[in-house]
Protein chains: 2
Amino acid sequence: MRNRETLIPVYYRLAEDIKKQIESGELKDGDLIPTEVQLGEQYSISRMTVRQGIALLAEAGLIETIKGKGSFVTRPRLNQLVIDLKHVGVPREQVHYKLLDVNLIRNNTDFANKLGFTGEASVIAIKRLMLKGNLPVAIEEKFLRYQKGKPLLETQLEYADFPEVVAKHQESVPVRNDMLISVAALSAAQAKLLDAGEGLPALVIKQVIYSKDDKLLGVATMVCHKDRYELKATSYPLLGRL
Amino acid sequence: MRNRETLIPVYYRLAEDIKKQIESGELKDGDLIPTEVQLGEQYSISRMTVRQGIALLAEAGLIETIKGKGSFVTRPRLNQLVIDLKHVGVPREQVHYKLLDVNLIRNNTDFANKLGFTGEASVIAIKRLMLKGNLPVAIEEKFLRYQKGKPLLETQLEYADFPEVVAKHQESVPVRNDMLISVAALSAAQAKLLDAGEGLPALVIKQVIYSKDDKLLGVATMVCHKDRYELKATSYPLLGRL
DNA sequence: TAGTGGTCTAGACCACTCG
DNA sequence: GAGTGGTCTAGACCACTAA
């Protein structure tokens with residue numbers, strides 16, 4: 001029966017109880033939690049309801065369930081960090097963009113293939129500058145397959161993030177986004193755009209977007225000013241639902 | 001009834017069917033999928049079983065369910081990228097470590113506080129070099145609260161990753177790991193250790209580990225050779241379960 | 001063989017949304 | 001008020017694990 005005072009589902013309470021026991025150290029890494037039947041008796045609820053609570057804990061990565069054996073406490077997966085590109089770097093409100101260049105590079109198979117677009121000849125190239133106030137923060141270069149009948153809208157170029165631009169302009173549905181984070185020294189041209197010195201370190205973020213058959217849909221590269229952009233990642237989101 | 005030929009649960013098949021419809025573009029961003037009752041009739045299964053399938057899709061981020069309205073298709077969350085520290089940078093087998101320094105810095109409150117350890121005076125500092133073959137890849141510096149009765153074992157220092165070292169040495173259970181990725185120029189000392197030139201760009205990865213009350217448990221900094229270390233992140237893991 | 005988790009049913013009542 | 005998803009029940013049979 002649902003707890004009428006709080007309107008919090010029973011299975012949720014059960015999950016929180018066990019979560020607390022793990023965080024307090026009462027239940028340690030590798031420990032077995034009570035069986036589903038035992039928990040059902042403890043809380044006077046049916047087994048399906050117990051399973052809902054256990055599913056929450058498993059989803060959060062706090063336990064691992066093995067058929068025929070039981071549910072074991074696991075150390076929270078602190079090795080899996082999440083980067084949320086929507087809330088990264090600089091607060092959204094202070095950022096604006098300056099479009100530097102938009103090009104349709106037609107019938108240049110070499111160029112397309114070099115980017116990874118196999119069997120394509122025409123590529124859209126977009127270059128823009130990201131600014132915070134008047135300070136240049138990053139140079140962004142994006143490349144997309146050219147897709148007939150799917151025009152790129154200016155508003156999208158200005159405000160949408162890269163996966164969204166790709167989704168809007170491609171027939172294929174984007175299903176994977178890989179990111180490579182590396183470091184490089186600024187070229188003279190880059191240094192000028194970023195209002196920094198040539199040869200200074202810069203953060204380089206490369207995004208590659210694929211459809212379900214691993215067909216490349218888009219490539220984006222960000223070259224970031226070393227003092228004005230910082231990537232953050234956290235393990236928290238996985239546990240946050242509980 | 002379970003499909004006896006394949007042993008694949010019905011709810012899983014249902015989820016895969018809808019996933020395919022999303023990936024093929026048959027169901028688009030914002031579309032409503034059939035109601036739970038309708039799906040139950042289509043597949044001749046009970047509503048609870050339908051809900052299991054829908055839960056899978058929601059977990060994968062393919063749909064979003066709103067009480068009283070229905071389940072809507074959402075674009076896969078390509079903006080949330082996962083870094084798996086276990087499989088990052090360089091293949092595990094080729095890596096080994098050289099311990100440079102282990103120090104117990106006693107009764108130095110200033111030092112501890114500067115790192116963020118409030119109300120503590122003693123800190124353990126570990127410095128080691130990560131190598132791939134004979135090539136130095138990164139300089140790692142780690143700082144932990146000193147915890148009585150929880151000795152640091154040499155094997156842990158050599159082989160365990162940072163969250164694990166913290167978990168083993170602290171009373172408090174680590175529950176969050178934040179990471180900051182930035183860029184810096186190598187100092188003369190760093191350049192010498194990494195066998196690189198002074199002033200060259202380097203990737204700087206800072207990890208901060210907290211317990212559930214946001215108490216700081218550990219800080220780690222990695223300074224990486226620009227050509228020998230690269231961070232990878234991907235959106236895939238979130239969808240991988242389906 | 002006994003105990004565990006995994007799947008599934010056929011109901012029930014509830015809270016929420018919308019016309 | 002009709003339709004939706006959210007919670008929950010009291011069973012059932014299955015596959016897997018371990019003694």
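In what follows, chains are A, B, ... by sequence order, proteins preceding strands, each numbered from 1. These values consider heavy atoms only, across backbone and side chains, with no hydrogens, waters or symmetry-generated copies.
For the residue pair A:Gln207/A:Asn177, the side-chain donor-acceptor check at 3.5 Å is satisfied.
Side-chain N/O atoms of B:Thr49 include none lying less than 4.0 angstrom from OP1 or OP2 on C:dC8. For the pair A:Tyr11 and D:dT7, the criterion of a side-chain N or O lying under 4.0 Å from OP1 or OP2 is met.
Atom NZ of B:Lys67 and atom P of C:dC13 are 18 Å apart (whole Å). Regarding A:Leu32, its CG atom lies at a distance of 13 Å from the C1' atom of D:dA18, rounded to whole Å. Between the P atom of C:dA10 and the CD atom of B:Glu41 lies a distance of 13 Å, rounded to the nearest Å. Between B:Arg51 atom CZ and C:dC13 atom P there is a gap of 18 Å when expressed in whole angstrom units. Straight-line distance from the CZ atom of B:Phe72 to the C1' atom of D:dT4: 10 Å, rounded to whole Å. Look at CG on A:Leu39: it is 13 Å from P on D:dT9, rounded to the nearest Å.
The residue among A:Lys69 and B:Ser71 whose nearest nucleotide of DNA chain D lies closer to the 5′ end is B:Ser71. The residue among A:Thr65 and A:Met48 whose nearest nucleotide of DNA chain C lies closer to the 5′ end is A:Thr65. Heavy-atom distances to DNA chain D give each of A:Gly68 and A:Arg47 a nearest nucleotide, and the one nearer the 5′ end belongs to A:Arg47.
The nucleotide whose nearest atom lies closest to any side-chain atom of B:Gln38 is, among D:dT9, D:dG6, D:dT4, D:dT4.
No cation-pi contact links A:Arg145 to A:Phe117, judged by a cut-off of 6.0 Å to the six-membered ring centre and 45° from its axis.
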Quick one: do A:Leu217 and A:Ser172 satisfy side-chain contact (heavy atoms from CB on, under 4.5 Å)? Show the steps, please. CA-CA 8 Å; A:Leu217 297 183; A:Ser172 314; 3.9 Å; yes
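Heavy atoms of A:Ile54 sit nowhere under 4.0 angstrom from any nucleic acid atom.
Looking at residues two or more places apart in sequence or on another chain, you find no salt bridge (Lys or Arg N to Asp or Glu O under 4.0 Å) involving A:Asp31.
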